[in-house]
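Have a look at the structure below, then the notes.
Here is how names work: the chains are called A, B, and so on, in the same order as the sequence lines, proteins then strands, and each is numbered from 1. What's counted below: heavy atoms across the whole structure, side chains too, no hydrogens, waters or symmetry copies.
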Amino acid sequence: MISLDDLRRIRDEALATIALREAGGNVQLVVGMGTCGIAAGAREVMQAVLDELEKRRLTEVLVSQTGCMGLCAQEPLVEVVDAEGRRVVYKKVDPSRVRQIIVEHVVNGRIIPEWTLNVTEGRQDG
Amino acid sequence: MEELALHILDLMENALEAQASLILVEVCEDRHKGCLQVVIQDDGRGMTREQVEGVFGPFFTTREERPVGLGLALWRQAAESCGGRVWVDSSPGKGTLVGAEFQLGHVDLPPMGDLAGTLAVFLGGSPQVDVVLSYTVDDRNWRFDTRQIRQVLGQVPLSHPPVIRWIREYCSENLARLGRSEEDD
């Protein structure tokens with residue numbers, strides 16, 4: 001049975017081991033969670049994102065959600081924003097693509113061109 | 001959508017869009033009346049009377065990216081196709097309440113589905129929002145409140161991945177227990 005004591009243990013471990021997140025400079029993952037995204041499987045995609053980040057202990061990656069991005073036929077969409085502000089949108093993402101996007105792009109910094117919808121370069125001055 | 005829990009996620013996203021800081025999800029299963037009620041209430045910016053009047057139409061949206069908004073239209077369709085109804089109560093500055101009633105046991109009633117997953121995924125992407133889930137089956141109630149979770153967590157963020165996993169497992173187990181005791185009667 002899972003209890004509040006388990007949560008207290010998680011808290012104590014977290015306080016002992018992780019450097020708590022700092023704002024700014026982190027990689028961000030944004031999952032499209034409009035009606036179109038949810039109908040296409042965005043909940044399972046988000047679940048896979050959270051699972052994979054936990055498994056790889058990537059606690060510094062920020063996860064957020066957004067509404068419809070206006071490209072409903074390509075959902076589920078996942079956007080990766082790297083520390084330099086470059087934005088890459090991946091289309092038709094499923095849980096197995098999530099794992100590869102996290103390994104290749106988030107961890108190794110290599111975009112997977114076959115799955116991208118578009119790439120927007122970040123600020124050059126930053 | 002194949003699960004009520006996916007509709008609930010969609011309606012929670014609407015609340016997020018309206019800049020809610022607290023979302024209340026209330027589910028009441030009354031087997032004697034044969035009725036299932038689901039209410040999602042938020043403290044977001046709310047809507048004007050004109051917006052409320054059009055809100056169930058497939059072309060209603062407050063967004064500018066595209067001219068359709070199917071979420072509430074699908075919600076109404078889900079309720080009405082199994083002998084139920086929907087309602088909305090909202091005013092600017094006071095937040096929005098979206099409710100639906102379904103006939104329990106109706107052949108077209110979608111399963112509740114993975115409500116624990118809905119909560120965990122929502123909080124994983126929006127850990128700044130507080131969510132209260134109140135789930136009642138006849139005279140038994142179970143309540144989950146992120147404000148209490150935050151008290152336990154102290155300075156550890158709700159978004160810490162093991163915390164999100166704990167939320168999913170904790171909710172899943174407690175909701176399953178609520179469902180099981182229903183069958184034992």
Quick check: are there more than 12 heavy atoms from other residues, nucleotides or ligands sitting under 6.0 Å from CZ of Arg150(B)?
-> yes

Is the CD atom of Gln103(B) crowded by more than 12 outside heavy atoms at less than 6.0 Å?
-> yes

Quick one: do [X] and [Y] end up in the same hydrophobic cluster if we chain Ile, Leu, Val, Met, Phe, Trp and Tyr together by side-chain heavy atoms under 4.5 Å apart?
X: Leu115(B); Y: Leu50(A); answer: yes
X: Trp115(A); Y: Val98(A); answer: yes
X: Val39(B); Y: Val129(B); answer: no
X: Val93(A); Y: Val81(A); answer: no
X: Val106(A); Y: Ile112(A); answer: yes

What part of [X] gets closer than 4.5 Å to chain A, counting heavy atoms only: side chain, backbone, both or neither?
X: Leu16(B); value: side chain
X: Thr118(B); value: both
X: Leu74(B); value: side chain
X: Glu169(B); value: both
X: Gln128(B); value: neither

Work out which heavy atom in [X] is nearest to a heavy atom in [Y]; give both atom names and the distance.
X: Ile2(A); Y: Tyr170(B); answer: O-CD1, 3.4 Å
X: Pro162(B); Y: Ile10(A); answer: O-CD1, 3.5 Å
X: Asp114(B); Y: Arg43(A); answer: O-NH1, 3.1 Å
X: Gly67(A); Y: Glu17(B); answer: CA-OE1, 4.0 Å

Pick from Ile164(B), Asp10(B), Val163(B) with the largest number of heavy-atom pairs that fall under 4.5 Å of chain A |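 When all of Ile164(B), Asp10(B), Val163(B) are compared, Asp10(B) has the most.
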
Determine the option with the most heavy-atom pairs under 4.5 angstrom with chain A, choosing from Glu2(B), Arg168(B), Met1(B).
->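 The option with the most such pairs is Arg168(B).
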
Say you draw a straight line from [atom1] of [X] to [atom2] of [Y]; how long is it, rounded to the nearest 0.5 Å?
X: Ile38(A); Y: Ile8(B); atom1: CD1; atom2: CD1; answer: 11.0 Å
X: Lys55(A); Y: Arg165(B); atom1: NZ; atom2: CZ; answer: 8.5 Å
X: Leu15(A); Y: His160(B); atom1: CG; atom2: NE2; answer: 9.0 Å
X: Thr35(A); Y: His7(B); atom1: OG1; atom2: NE2; answer: 9.5 Å

Top contributor to chain B interface from [options] [non-hydrogen pairs under 4.5 Å]:
options: Asp51(A), Val31(A), Val30(A); value: Asp51(A)
options: Asp12(A), Val49(A), Leu7(A); value: Leu7(A)
options: Arg57(A), Glu54(A), Arg8(A); value: Glu54(A)

Taking Arg11(A) for the side chain and Val152(B) for the main chain, is one N or O donor matched with an acceptor at less than 3.5 Å?
->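 Side chain of Arg11(A) to backbone of Val152(B): a pair is present.
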
Just by modelled atom types, is the Ser3(A) backbone N or O under 3.5 Å from a matching donor or acceptor in the Trp166(B) side chain?
-> yes

Side-chain touch Met33(A)/Val121(B), heavy atoms, less than 4.5 angstrom =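 Contact flag for Met33(A)/Val121(B) side chains = yes.
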
Going by heavy atoms in the side chains, are Phe122(B) and Gln65(A) under 4.5 Å from each other?
->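 In short, these two side chains touch, coming nearer than 4.5 Å.
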
Could you tell me which residues in residues 87-95 of chain B have at least one non-hydrogen atom under 4.5 Å from a non-hydrogen atom of chain A, sorted by residue number?
->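 Within residues 87-95 of chain B, near chain A: nothing under 4.5 Å.
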
Please look at Leu29(A) and chain B and tell me whether the side chain, the backbone, both or neither of the residue comes under 4.5 angstrom of a heavy atom of that chain.
->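 No part of it gets close to chain B.
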
